[in-house]
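The block underneath contains the structure these notes are about, expressed in structure tokens.
In what follows, chains carry the letters A, B, and so on, assigned in the order in which the sequence lines appear, proteins first and then strands, with residues in each chain numbered from 1. In this text, all values refer to a predicted model and were calculated from it rather than measured experimentally.
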Amino acid sequence: MIQTAQDMKTYRKKIHKALGNQFLRKALDNFASSYKASRVKAFEGIDLEALRCRIADNKDHALPHLESLFQQFKEKAEAAGAVVHLAATAAEANDIIAQIARDNGVRAIVKSKSMTAEEIHLNDHLEAEGFTVTETDLGEWIIQLRHEGPSHMVMPAIHLSRRQVGGLFTDVTGRPVDLEDIDRMVKVARKELRPAFLAADMGVSGANFAIADTGTIGLVTNEGNARLTTTLPRVHVALVGLDKLLPNLEAALDILKILPRNATGQALTSYVTWITGAVECAASSTGKKILHIVFLDNGRLALARDPVFSEALRCIRCGACANVCPVYGKVGGHALGHVYIGAIGLILTYFYHGKNNDRAIVRNCLNCQACKSVCPAHIDLPYLIKQVYGNVLKDDGVKPAKNTILSFAMKNRKLFHGMLRMASVLQKPIVQKDAGVLRHLPFVFGKSQDFRTLPALAETPFREQWPSLRPRISEPVYRVALFGGCLVDFVSPEQAVALMKLLTVHHVQMEYPMGQTCCGLPAVMMAETETAVEVAIQNLQAMSPCQYDYILVLCASCGSHLKEGYRRLLASKPELAETLKTFQSKIMDFSSFMVNVLKVDPQKFVQTHTSVAYHSPCHLCRGLGVTREPRELLRTAGLNYIPCADEDVCCGFGGSYSLDFPEISAAILNQKLDHVESTGAEILVTDCPGCVLQLRGGMNQRGGRVRVRHIAEVVAENLKPR
Amino acid sequence: MIHNNLAMMFRERAERVQAVTASVHNMDDVFRYVIDQTLKENGNTIVAPDLDALQLQKLEDLCQASGLRLLHPPFRNHTGDIHTALTGANWAISETGTLVLDSGSEDIRIATMLSETHIAWISASRIAPDASALAAYLRGKMASPPGYMAFITGPSRTADIERVLAIGVHGPQRLHILVMEDDPS
Ligand code: SF4
Ligand code: SF4
């Protein structure tokens with residue numbers, strides 16, 4: 001039923017189709033903006049950060065003890081009249097549940113929503129065994145009738161319009177259903193499903209919590225179908241992932257405080273149900289509910305022991321990582337997941353549904369960090385996604401050619417920089433001189449890259465200009481080193497020149513250590529960890545952090561990778577720990593340095609009041625947590641900053657992402673540019689050369705009149721002449 | 001005073017999620033409310049699973065006087081025709097406008113799940129600030145199984161079609177909460 005592309009070619013076709021679905025695009029757009037607003041509102045007055053840390057901690061403490069928590073749960077629940085099972089695999093779980101049904105003479109089964117049941121394709125199995133299975137959650141019922149999988153973990157039918165649902169209900173009931181009237185449709189479901197509840201011999205539910213010290217399961221729902229499912233039929237089977245085990249009620253209440261708020265912006269769902277043991281049930285011959293609780297391993301115990309990936313088991317299935325994902329917002333869950341969707345889906349698919357189902361989708365991540373910033377369990381989703389991608393490549397044993405080339409070149413700085421120099425010579429025939437862009441794209445890029453112009457490589461990279469530019473400040477207030485990164489050095493040296501100008505005016509001695517090379521983030525993005533580690537070590541040595549007061553970056557992506565990424569990459573190199581610590585403590589982005597260290601004075605700038613919009617780079621606002629300083633700097637420098645919608649949503653660049661998924665990159669970019677144009681600003685400012693490349697290329701291509709500049713350039717330009 | 005603040009916040013939060021709230025002073029008020037509401041909705045049956053015999057008789061008399069039927073347990077025999085369910089609540093949670101209802105009895109479950117309108121009364125002194133304030137109570141219940149504990153926050157809802165909020169998909173279509181200002185006991 002669920003068909004997930006297993007190669008890039010098929011996958012790109014699927015994406016193309018999803019992008020063409022206008023209803024989906026609009027629905028997801030509306031959802032993204034309303035979700036963000038209601039989430040913020042839902043957490044008003046709550047110390048969200050403390051709660052997130054507690055949830056991550058609780059989970060991390062539980063995960064190494066899942067087996068003993070299971071034993072404890074089993075003991076308590078069985079003493080209370082339940083039967084508790086442990087299924088090692090999906091097939092085993094299906095067999096256990098079918099056997100329970102057979103043993104109890106069951107014919108009709110009702111189900112309430114359970115992602116774990118989706119994971120093991122329980123319905124298919126039960127139906128093949130001859131049981132009638134009816135999904136009773138409205139969204140699940142709709143997709144069951146359509147024979148498709150959920151497109152969101154919390155709102156399974158979000159991809160469908162009311163007209164589609166109305167049409168479906170008309171077919172199913174044989175009576176016309178008003179295609180506009182959602183309330184009526186909901187009542188149709190109420191009426192159609194009531195007899196299924198009453199006729200069912202067995203109810204199957206999932207569980208959000210399994211509390212070990214009392215043997216209690218907790219269910220968090222809105223519709224009330226889980227209550228009926230667990231009450232009316234004489235048999236109740238709860239299917240629970242082992243990762244749902246918690247030591248006690250308190251841990252569950254913490255999760256309950258965050259789950260509905262983070263999922264849908266609700267303070268609490270309509271119903272939360274806590275079931276302990278076999279309660280009274282007049283439909284059963286014993287007068288007691290026949291309760292079976294089936295725990296599913298299916299790789300979880302192994303995952304819990306994995307030093308890198310165990311973090312993924314902290315997931316409480318709130319769905320937020322999809323809600324804020326710009327890629328999800330463009331293509332929806334059927335194109336961004338298998339059974340589990342969104343960021344966590346890209347990870348779990350590999351472990352629960354195999355590498356073939358993950359091969360293509362796992363590449364569909366911009367590394368924008370939006371998911372990570374809302375995950376209530378503090379899962380480093382983008383990092384895990386790249387690690388899983390690495391596993392897929394390793395398992396497959398074939399690497400994309402660009403990985404091999406990139407790794408080969410990057411490991412040797414001189415070769416790498418030589419290649420870039422050579423490319424800047426070779427590109428000459430296609431450079432449009434006055435504009436600094438390529439007139440047409442080299443054939444390797446192909447037509448799909450037409451959504452933006454690409455900049456030409458600089459004629460003289462910054463590193464070659466540096467010896468003649470280097471200012472000499474007597475008695476400098478600070479000595480700083482610039483970490484340029486590939487784009488500043490080889491594409492946009494003017495950004496570094498602007499920085500130099502500003503620093504000189506403020507009596508800061510700038511240096512440009514020549515041994516520096518690519519920060520290594522592109523290698524991480526392509527899951528070339530070994531290469532990423534090698535260049536990290538080179539940079540650490542080249543930048544000699546002890547000699548400077550600060551190491552400045554003009555590229556947010558480099559900055560957050562140097563600061564946060566290196567920590568992970570070099571964790572296994574204790575001999576570097578000391579240098580790394582010094583290095584990281586000195587990394588600072590341009591705006592923070594200007595505002596917080598130099599405390600620049602508006603008197604130094606001509607107050608031009610030029611209107612500027614601002615794009616907040618992912619790796620600055622989420623990676624480095626810098627949000628106030630750039631906006632403040634713009635005002636100090638005499639510019640009129642105009643707020644714009646979705647300033648902190650990714651521009652769609654994502655480095656090599658935009659080469660792999662040009663259509664999605666273009667869709668995200670164009671929406672961003674629409675927002676910017678609607679502000680009426682003259683200039684769009686951002687603080688990352690990668691974003692500049694993407695945004696300027698897109699603006700050029702659409703013939704827009706908004707100029708795109710790096711913040712260092714616009715600030716330097718407004719300096720009063722001395 | 002503190003009860004008052006909690007009660008006010010509780011009512012405000014419950015109404016945010018489409019519950020209707022009112023204040024009452026004694027069980028007579030509650031019965032009046034239940035009868036009036038049922039008549040207003042053109043319902044004709046009422047269930048009241050947790051009343052004692054004396055109160056039940058009182059309610060039955062009132063029903064008869066208004067032409068309504070009080071249904072008697074087991075409610076499995078009435079799954080198709082429960083209009084109004086009247087229950088108490090063991091606790092309420094002010095932060096989220098939630099009722100906490102010990103639903104171990106099957107009749108309480110059926111009443112609160114299969115009725116069209118659920119009317120619950122809660123004494124103002126039993127409104128806790130948040131769920132963690134009830135942890136000891138809940139833990140105690142869970143430690144003496146079997147048990148089925150329900151948190152109820154507003155009527156049954158869904159947003160599964162185009163994310164449009166619709167009320168009453170499976171459970172009660174209306175939830176009324178009567179806060180009893182003076183504890184009757
Ligand atoms: S990092 Fe960005 S693109 Fe990648 S999964 Fe998370 S939200 Fe989506
Ligand atoms: S990974 Fe985090 S954000 Fe995504 S569903 Fe799980 S808990 Fe929610």
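Both the backbone and the side chain of A/Thr231 come within contact range of chain B, judged by heavy atoms closer than 4.5 Å. Only the backbone of B/Ile167 has a heavy atom closer than 4.5 Å to any heavy atom of chain A. For A/Lys191, no part sits under 4.5 Å from any heavy atom of chain B, backbone or side chain. With a 4.5 Å cut-off on non-hydrogen atoms, A/Lys76 does not touch chain B at all. Contacts of B/Arg139 with chain A are made by both backbone and side-chain atoms, with heavy-atom separations under 4.5 Å. Heavy-atom distances place both the backbone and the side chain of A/Glu223 under 4.5 Å from chain B. For A/Ala278, the part lying near chain B is the backbone, with the side chain staying farther off; criterion is any non-hydrogen pair under 4.5 Å. Only the side chain of A/Phe23 has a heavy atom closer than 4.5 Å to any heavy atom of chain B. Only the side chain of A/Leu256 comes within contact range of chain B, with at least one heavy atom under 4.5 Å from a heavy atom of that chain. Heavy-atom distances place both the backbone and the side chain of A/Leu232 under 4.5 Å from chain B. Interface residue A/Val165: only side-chain heavy atoms are found under 4.5 Å from chain B. Interface remark: B/Arg163 contributes side-chain atoms only to the contact with chain A (heavy atom separation under 4.5 Å). Of the atoms belonging to A/Ser34, it is side-chain heavy atoms, and not backbone ones, that fall under 4.5 Å from chain B. Proximity to chain B involves both the backbone and the side chain of A/Leu138, based on heavy atoms less than 4.5 angstrom apart. Of the atoms belonging to A/Gln164, not a single heavy atom falls under 4.5 Å from chain B.
A/Arg190 has a carboxylate O that lies under 4.0 Å from a charged side-chain N of B/Glu116, or vice versa, which qualifies the two as a salt bridge.
Interface summary for chain B: among A/Ala82, A/Ala27, A/Gly81, A/Ser161, the most heavy-atom pairs under 4.5 angstrom belong to A/Ser161. Highest contact tally toward chain A, considering only B/His170, B/Arg16, B/Gln173, is held by B/His170 [criterion: heavy-atom pairs under 4.5 Å]. With respect to chain B, the highest number of heavy-atom pairs below 4.5 Å among A/Arg194, A/Met155, A/Met185, A/His152 belongs to A/Arg194. Options A/Thr216, A/Val279, A/Ile275, A/Thr214 differ in how many heavy-atom pairs under 4.5 Å they form with chain B, and the most are formed by A/Val279. The most heavy-atom pairs under 4.5 Å with chain B, out of A/Leu198, A/Ile182, A/Asn30, A/Leu253, come from A/Ile182.
The minimum heavy-atom distance between A/Val154 and B/Asp160, with the atom names listed, is O-OD1, 4.4 Å.
With sequence neighbours excluded, the residues forming a side-chain hydrogen bond (donor to acceptor under 3.5 Å, both in side chains) with B/Lys58 are B/Asp28, listed by chain and number. With sequence neighbours excluded, the residues that form a side-chain contact (heavy atoms from CB on, under 4.5 Å) with A/Arg184 are A/Asp181, A/Lys187.
A side-chain donor-acceptor contact under 3.5 Å links B/Thr112 and A/Arg227.
At a threshold of 4.5 Å between non-hydrogen side-chain atoms, the residues A/Tyr271 and B/Ile152 count as touching.
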